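Given the structure is predicted, the values throughout are model-derived calculations rather than measurements.
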Amino acid sequence: MRTAPPSPLPAVVVGSLLLALSLSACRSGPSATAGPEGGDGKAFPADMAGARPVEAPAPPPPPAAALAFADAEREMRRRHEAAAQAHAAMAQSSQEQAAQRMAMIAATGIVQPPANTERYEARDDNPVQRASEQPVSTLSIDVDTGSYANVRRMLREGVRPPADAVRVEEFLNYFSYGHPAPASRDVPFRVTTELAPSPWNRNRQLLMVGIKGYDVSKATLPPANLVFLVDTSGSMQSPDKLPLLKQAFAGMVPQLRAQDRVSIVVYAGSAGLVLPPTPGNRHAEILAALDRLEAGGSTNGGDGIRLAYAVARQAYVDNGVNRILLATDGDFNVGTVDRGTLETWVADQRRSGIALSTLGFGQGNYHDAMAERLADAGDGNHAYIDTPEEARKVLVEQMQSTLLTIANDVKIQIEFNPAQVAEYRLVGYENRLLEREDFANDKVDAGDIGAGHEVTALYEIALAGSGGERLPAQRYGTAPAASPGARDGELAHLRLRYKLPGQAQSRLIETTVLRSSLQATPGESLRFAAAVAPNADLLRGGTNVEGWDWDDVAASARGALGEDRWGLRREFVGLVESARRITASDGGAVPAIAVE
């Protein structure tokens with residue numbers, strides 16, 4: 001190992017720091033002692049020691065699960081040495097960088113803020129489509145809300161969010177619009193539409209598509225096999241990361257029952273098992289395991305994910321909820337770090353019936369693109385936790401939606417009638433678009449809906465001859481000829497495909513949007529959605545809302561607050577005011593944030 005350059009700190013202080021880091025890494029990493037038995041009486045490998053044995057043994061795992069677990073153990077051992085070497089190198093580099101920063105501060109008196117290395121996936125807004133040329137729009141549904149909570153965190157701190165941090169569909173789906181639920185569970189959700197003039201251009205219309213899944217009470221949830229996969233690397237030390245993460249999971253624990261099983265897997269330079277599958281009603285034992293977690297070391301997320309799936313297979317519950325909850329800042333820097341490789345591996349695992357959801361934490365190095373795409377690949381959902389209140393919303397109030405999937409691979413396809421609709425534009429969902437032929441292809445993955453989930457999508461449309469068209473007239477274009485038997489009263493035909501959990505063949509729902517459904521004024525839900533969407537657009541540059549500004553957005557939202565049981569709509573109005581002040585100010589540099 002190379003010798004670190006001279007440090008301005010006394011040698012004894014440096015030694016103490018290194019000792020503290022080593023002890024922290026030991027506490028958060030796997031133990032080298034003999035392996036204990038899990039909470040269900042199942043033996044675990046030696047590098048997963050540290051978990052307390054519990055009673056109530058269950059039958060041994062099936063051979064396939066045991067084999068997979070053994071494979072994971074061997075893989076962890078092979079990777080451990082390389083991870084330890086990488087961890088040592090990173091520690092050396094961190095010491096050198098810290099010494100250089102302190103030397104600069106001593107010489108200049110200037111404290112440089114840490115570099116912002118947050119990462120967001122770059123994308124362009126959906127274009128306006130001419131219905132005569134492209135009459136069909138196909139997309140996967142999305143129930144993620146992480147973008148809204150992350151942007152809220154930035155606005156509260158007085159920081160203008162980078163455009164690519166704003167995903168309009170996640171702003172829309174953060175809120176409830178009161179879409180009607182299905183009358184029975186024969187069909188897991190109900191599809192409704194609403195059509196009314198656009199508030200920023202009265203020559204155009206807004207079409208809102210709403211989907212509402214059937215709900216279940218927490219008491220009637222099927223048995224759950226949950227694996228808390230926790231990032232305990234050094235980057236998770238700040239209060240808005242591991243401490244908030246522990247508080248978030250602790251709030252969920254009282255909801256767990258005797259028939260549930262909870263495991264805790266951690267990863268830093270390597271991965272380890274902190275709590276083997278344990279009955280959910282052993283609240284004190286679970287909370288004690290969470291409380292022991294400490295941050296330190298590099299971030300080998302790939303190993304952590306592999307071990308979490310092995311543990312989930314070990315405790316698999318037939319006809320139950322089997323889900324991994326990955327809590328991280330997404331900054332993987334050891335082992336498998338390529339997002340595409342991890343996505344492919346996670347996508348292969350979803351066939352086992354185990355879903356993976358992600359909870360994002362922290363700032364400065366937050367890898368939003370990694371967290372969102374891993375959840376998509378794992379048939380899960382993605383949320384960002386910026387406050388204890390958001391943790392309670394996601395893990396307690398919406399526990400059923402977060403854990404229990406009621407429909408898989410849900411796809412929407414809308415065919416617009418060119419005789420009635422001149423143009424349309426899908427608002428958001430840029431990274432959820434599908435090819436036209438993907439709609440009926442049951443091999444193509446799409447989004448999932450949890451119990452009680454709502455999904456909202458908006459289309460801005462210009463009716464033929466309305467004056468709301470934006471595309472220039474074609475020199476040689478002609479108006480579409482009406483075919484024999486054309487349905488002149490229809491604006492669009494909506495199709496929706498879904499699979500029931502565990503089934504390979506999709507089912508079809510169809511409904512028609514009639515011109516006669518056009519309302520003179522939008523209802524409360526559409527009015528609020530029509531404030532949320534332009535707010536997101538203004539944060540992205542405001543290219544799609546014409547003359548509307550922040551005052552218009554705030555006024556529209558204030559007029560559609562409704563019951564607002566949890567105060568989320570009123571909070572939104574306050575964030576609009578914050579966004580207006582931040583974007584109007586010329587003072588302060590916008591942080592440079594990486595995109596992919």
With F171 as partner, the option from D537, V166, V427 fulfilling side chain to side chain contact (heavy atoms under 4.5 Å, CB included) is V166

Residues D386, R156: salt bridge by 4.0 Å N-O rule = yes

Value for OG (S556) from CH2 (W548), rounded to nearest 0.5 Å, stands at 4.0 Å

Exercise. Could you walk me through whether D445 and R350 pass the salt bridge (charged side-chain N to carboxylate O under 4.0 Å, His left out) check?
Worked result: CA-CA 11 Å; D445 183 61; R350 65 183 176 224; 3.4 Å; yes

- Backbone of A268 reached by a side-chain donor or acceptor of S233 within 3.5 Å: no

Is it true that a side-chain atom of K212 and a backbone atom of G452 form a donor plus acceptor pair closer than 3.5 Å?
-> yes

Closer than 4.0 angstrom, basic N to acidic O: yes or no for R540 and D164? yes

Closer than 3.5 angstrom, by distance alone: can the side chain of D564 be matched with the main-chain N or O of R570 as a donor-acceptor pair? yes

Lys/Arg-Asp/Glu bridge criterion (N-O < 4.0 Å) met for R152, E571: yes

The residue among D231, L395, L326 that forms side chain to side chain contact (heavy atoms under 4.5 Å, CB included) with L359 is L395

With a 4.5 Å limit on heavy-atom distance, are the side chains of Y267 and T328 in contact?
-> yes

* To do: In sequence, state the C-alpha distance, the side-chain angles, and the governing distance for L518 and L491, and then conclude on side-chain contact (heavy atoms from CB on, under 4.5 Å).
  => CA-CA 10 Å; L518 176 60; L491 292 185; 5.8 Å; no

Taken to the nearest 0.5 Å, the spacing of I449 CD1 from N381 CG works out to 11.5 Å

Between Q363 and D240, the two heavy atoms sitting closest are NE2-OD2, 3.4 Å

Would K246 pass as a cation-pi partner of F228, given that its NZ or CZ must be under 6.0 Å from the six-membered ring centre and within 45 degrees of the axis?
no

(Q) Is there a side-chain contact (heavy atoms from CB on, under 4.5 Å) between Y429 and L434? Walk through the geometry before answering. (A) CA-CA 10 Å; Y429 290 89; L434 299 174; over 6 Å; no

Do V265 and V230 make a side-chain contact, defined as non-hydrogen atoms from C-beta onward lying under 4.5 Å apart? no

- Whether R204 side chain and A462 backbone form a donor-acceptor pair below 3.5 Å: no

Interatomic distance, CG@L356 vs CG@L325, rounded to 0.5 Å, equals 8.0 Å

Please lay out, stage by stage, how R527 and E194 fare under the test salt bridge (charged side-chain N to carboxylate O under 4.0 Å, His left out). CA-CA 11 Å; R527 290 202 310 275; E194 183 177 350; over 6 Å; no

For T358 and A371, the nearest pair of non-hydrogen atoms, with its separation, is OG1-O, 2.9 Å

Note to self: Does the structure place the NZ or CZ of R119 under 6.0 Å from the centre of the six-membered ring of Y366, at an angle of no more than 45° from the ring's axis?
What the structure shows: no

Residues G362 and Y384: closest non-hydrogen pair is O-OH, 2.5 Å

message: A side-chain contact here means heavy atoms from C-beta on lying under 4.5 Å apart; do M154 and E118 qualify?
response: yes

Original post:
Is the backbone N or O of V394 less than 3.5 Å from a side-chain atom of T402, with the two atoms forming a donor-acceptor pair by type?
Top reply: yes

Item to check | Expected output: side-chain S401 to main-chain A451 donor-acceptor under 3.5 Å | outcome: yes

- Can you list the steps and then say if E397 with R392 is a salt bridge (charged side-chain N to carboxylate O under 4.0 Å, His left out)? CA-CA 6 Å; E397 302 298 338; R392 179 171 180 81; 3.1 Å; yes

Side-chain donor or acceptor of D552 paired with backbone N/O of D549 under 3.5 Å
yes

Check: So do L539 and V151 actually touch side chain to side chain, heavy atoms under 4.5 Å?
Finding: yes

Next item on the list: Begin from the C-alpha positions of E524 and R558 and carry the test salt bridge (charged side-chain N to carboxylate O under 4.0 Å, His left out) through to its verdict.
Entry: CA-CA 11 Å; E524 180 186 280; R558 288 193 195 98; over 6 Å; no

Report yes if some heavy atom in the side chain of V136 is under 4.5 Å from a heavy atom in the side chain of I414; otherwise report no.
no

Would you say the side chains of S357 and H382 form a donor-acceptor pair under 3.5 Å?
no

To the nearest 0.5 Å, atom OG1 of T145 lies from atom CD of E169 at 11.5 Å

Quick check: does any side chain N or O of D551 sit under 3.5 Å from a backbone N or O of A555, one acting as donor and the other as acceptor? no

R470/E460 salt bridge by N-O under 4.0 Å criterion: yes

Separation between CG (L496) and CZ (R190), nearest 0.5 Å, reads 14.0 Å

What's the verdict on side-chain contact (heavy atoms from CB on, under 4.5 Å) for D448 and D409, showing C-alpha distance, side-chain angles and the deciding distance? CA-CA 6 Å; D448 302 332; D409 295 342; 4.2 Å; yes

Residues N408 and T405: closest non-hydrogen pair is ND2-CG2, 3.5 Å

For G178 and E454 the tightest heavy-atom approach is N-OE2, 3.2 Å

Any sub-3.5 Å donor-acceptor pair from E430's side-chain atoms to N126's backbone N or O? yes

What about the rings of F572 and F528, do their centers lie closer together than 6.0 Å? yes

query: Is there a donor-acceptor contact under 3.5 Å linking the side chains of E372 and N431?
result: yes

The reported gap from OG1 in T387 to CG in L244 (rounded to nearest 0.5 angstrom) is 7.5 Å

- Task: Measure the shortest side-chain to side-chain distance between V573 and V553 over non-hydrogen atoms and say whether it is less than 4.5 angstrom.
- Result: no

### Note: R432-D144 ion pair, threshold 4.0 Å (strictly below)
yes

Correct closest heavy-atom pair for W345 and I305 would be CZ3-CG2, 3.7 Å

Salt-bridge test for D438 and K411: reply yes if a basic N is under 4.0 Å from a carboxylate O, no otherwise.
-> no

Kindly say whether G360 contributes a backbone atom to a donor-acceptor pair with the side chain of D329 at under 3.5 angstrom? no

Note to self: Apply side chain to side chain donor-acceptor pair (under 3.5 Å) to residues Y459 and S137 and explain how you reach the verdict.
What the structure shows: CA-CA 10 Å; Y459 283 88; S137 171; 2.7 Å; yes

### Query
Is there side-chain contact between L245 and L242, with at least one heavy-atom pair below 4.5 Å?
yes

Does the pair E121/R167 count as a salt bridge with the N-to-O cut at 4.0 Å?
no

For L172 and V455: C-alpha separation, side-chain torsions, deciding distance, then whether side-chain contact (heavy atoms from CB on, under 4.5 Å) applies. CA-CA 8 Å; L172 286 169; V455 180; over 6 Å; no

Would you say that L207 contacts L458 through its side chain, given a criterion of any heavy-atom pair below 4.5 Å between the two side chains? no

